[in-house]
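Reminder, nothing fancy here: chain letters follow the sequence lines and each chain counts from 1.
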Amino acid sequence: MSEIVFDNVWKEYGDQIVLEKISLTIAPRAFVALVGPSGCGKTTFLKMLLGEEAPTQGQITIDGVPLVAEPGPDRGVVFQRYSVFPHLTVLGNVLLGKELRAAPVTARLFGAARRAARDEAMALIAEVGLAGSEDKYPAQLSGGMQQRLALAQALIMRPKVLLLDEPFGALDPGIRADIHVLMKRLWHETELTVVMVTHDMREAFTLGTRVIAFERPRDRPEERERYGALLSRDIDIWPPRIAGAPLSNTPDQDDLVTPLDHGQDDLAPTQGV
Amino acid sequence: MRWINRKPGPGVRTMLMLAPFVLLVLAYGLGSMARLSDNPSDKLLPALGTMVDAINRMAFVPDVRTGEYVLWSDTGASLGRLSIALGLSTLIALVTGMLVGMLPYVRALLAPFIATISMVPPLALLPILFIVLGLGETAKIALIVIGVAPAMIRDLALRVQELPREQITKAETLGASSWQIALRVVLPQILPRLITSLRLQLGPAWLFLIAAEAISADSGLGYRIFLVRRYLSMDVIFPYVAWITLLAVITNFALDRLRIAVFPWSNLEAR
């Protein structure tokens, strides 16, 4: 399993303190949603977990092992943009992880090994609802389909942790609701701990088992540089969602219809934690 | 309707496209006629017919001394030099550009050096090249490579650095090593740009080729132009210039078609 522990983590860029005193334990198979106003360090938090950034102080461990300071195959990621490779087809994008793992020098598979990997990739492509689009390039796909592809591409590595950086932020509400259903199913069916950064409160409460909010308690202009964001709220969703045991009668899904005059994007700031 | 919103139809577009070319030939014809009516032995603006004769003589009648068809042997010599030089430049630019773009250590080592080298005027180096490498093919090819490669290296290195950081990170989370990232993520995305970079360097490459051939050669399009200049043979020079231009235009077009044929995805993104 994969327990992620943040032990008194600080992050500073030069004089600017971004995050302070982050101590946090993320249980295996949790689905953690990170929310907070812009510029409060949500993405920095995710980057540290990804290994792109190292904490200035403190330590991050996964299963007790300190995190190496570069991204690796145990942590998959889906960004809002640029998650898929424009020069590879849908199939090529999903296949890439298998090829990289199996062939260190050529990074390509041939013959029987390729056929086996191809079958697995095709199954995963069908799983995320992209069957029939295998030979298309990402530029020929809609935004929602590209994000489905990015999920499939990350999941073929069977990562322990999946990191999502506002993955569905650029999609319109209908498409977003569809992809939420997919995301939930993948989380139930795969051995995954998910950490998701989102601007969308509704998304956070729809998908998460736990919602964590970052906030700068001292946000006056003269204070802004020397005080970073803290972990201000930590809410466990009730009734608890348990990975692998989908519930049918809880508010597990998006509303079927979003009122036209009250889009989801409008809700987040007014409800701001 | 505003002019920015008016678009020509296909027929008008073709006419507009051809108009400047037709006008140029027309203006030349009129100028030539005016001069020749004053002085029938004028050599500056020979009549189109005289040029056709010259083309015929250069391209389809074997040279009395060597038995060669001069235009074709000149073209072969020039294109041979050009393709070796551009091939070398492309290879150097690809390898160096990727190393500089991808690896911070190589970037720290080479980027300022290449930026400096690319500021040296290549033609100022030509005497040095002739002294050091002799008057043969090597010096000419070296001049083109020195003139063209630094710009291509810098262009490619910048393109590599412009690849979204997310893509590199994504590849890392798929378990890719630096070598695998170079091979499967950076190289395929940089190759279309390499072709475009090569297209942009065709002009400078021809410039350096003609310059080198003008100074020291015994064949080649540049050599011929500068040879017949002594006899004021404008009837040969004009067709040669047009021929060089045509060759460059065809190469430019063919390279772009090649890019779209080999990397179909590289044309999808521009939408």
Next on the checklist: Quick check on A/L50 against chain B: is it the side chain, the backbone, both or neither that has a heavy atom closer than 4.5 Å?
Outcome noted: side chain
Next on the checklist: I'd like to verify something: which residue of A/V105, A/D165, A/V84 has the highest number of heavy-atom pairs under 4.5 Å with chain B?
Outcome noted: A/V105
Checklist entry - If you count heavy-atom pairs under 4.5 Å between each of A/V78, A/L163, A/L96 and chain B, which one has the most? => result A/L96
Item to check | The single option from A/P73, A/P159, A/P71 passing side chain to side chain contact (heavy atoms under 4.5 Å, CB included) against B/T173 | outcome: A/P71
Checklist entry - chain A heavy atoms under 4.5 Å from B/P192: which part of the residue, side chain, backbone, both or neither? => result neither
Item to check | More than 12 heavy atoms from other groups under 6.0 Å of CZ on B/R107 | outcome: yes
Checklist entry - Do you know which of A/R75, A/R101, A/K98 has the most heavy-atom pairs with chain B at a distance under 4.5 angstrom? => result A/R75
Checklist entry - Rounded to the nearest 0.5 Å, how far apart are CD of B/Q167 and CZ of A/R81? => result 11.0 Å
Checklist outcome for this item: Under 4.5 Å to a heavy atom of chain B? For A/T106 that would be backbone
Checklist outcome for this item: Correct closest heavy-atom pair for B/R184 and A/A107 would be NH1-O, 2.6 Å
Checklist outcome for this item: Here the gap from A/K47 atom NZ to B/T169 atom OG1, rounded to the nearest 0.5 Å, amounts to 8.0 Å
Checklist entry - Has B/R199 got more than 12 heavy atoms of other residues, nucleotides or ligands less than 6.0 Å from its CZ? => result yes
Next on the checklist: So, taking the atom named OG1 in A/T89 and the one named CH2 in B/W265, what distance separates them when rounded to the nearest 0.5 Å?
Outcome noted: 12.5 Å
Checklist entry - Does atom CD of A/E189 have more than 12 heavy-atom neighbours, drawn from other residues, nucleotides or ligands, at distances under 6.0 Å? => result yes
Checklist entry - Which residue out of B/I168, B/L183, B/I181, B/L163 racks up the most heavy-atom pairs below 4.5 Å with chain A? => result B/L183
Checklist entry - Looking at side-chain heavy atoms only, is the closest gap between A/Y82 and B/K170 below 4.5 Å? => result no
Checklist entry - Hey, does A/V77 have a side-chain heavy atom less than 4.5 Å from the side chain of B/E166? => result no
Next on the checklist: Less than 4.5 Å to any heavy atom of chain B: does that hold for the side chain of A/I156, its backbone, both, or neither?
Outcome noted: neither
Item to check | Within 6.0 angstrom of A/R185 CZ, more than 12 heavy atoms from elsewhere | outcome: yes
Item to check | A/Y13, OH: over 12 other non-hydrogen atoms inside 6.0 angstrom | outcome: yes
Item to check | Minimum heavy-atom distance A/P86-B/Q189, with the two atoms named | outcome: CG-OE1, 3.3 Å
Next on the checklist: For A/A154, which atoms come within 4.5 Å of any heavy atom of chain B: side chain, backbone, both, or neither?
Outcome noted: both
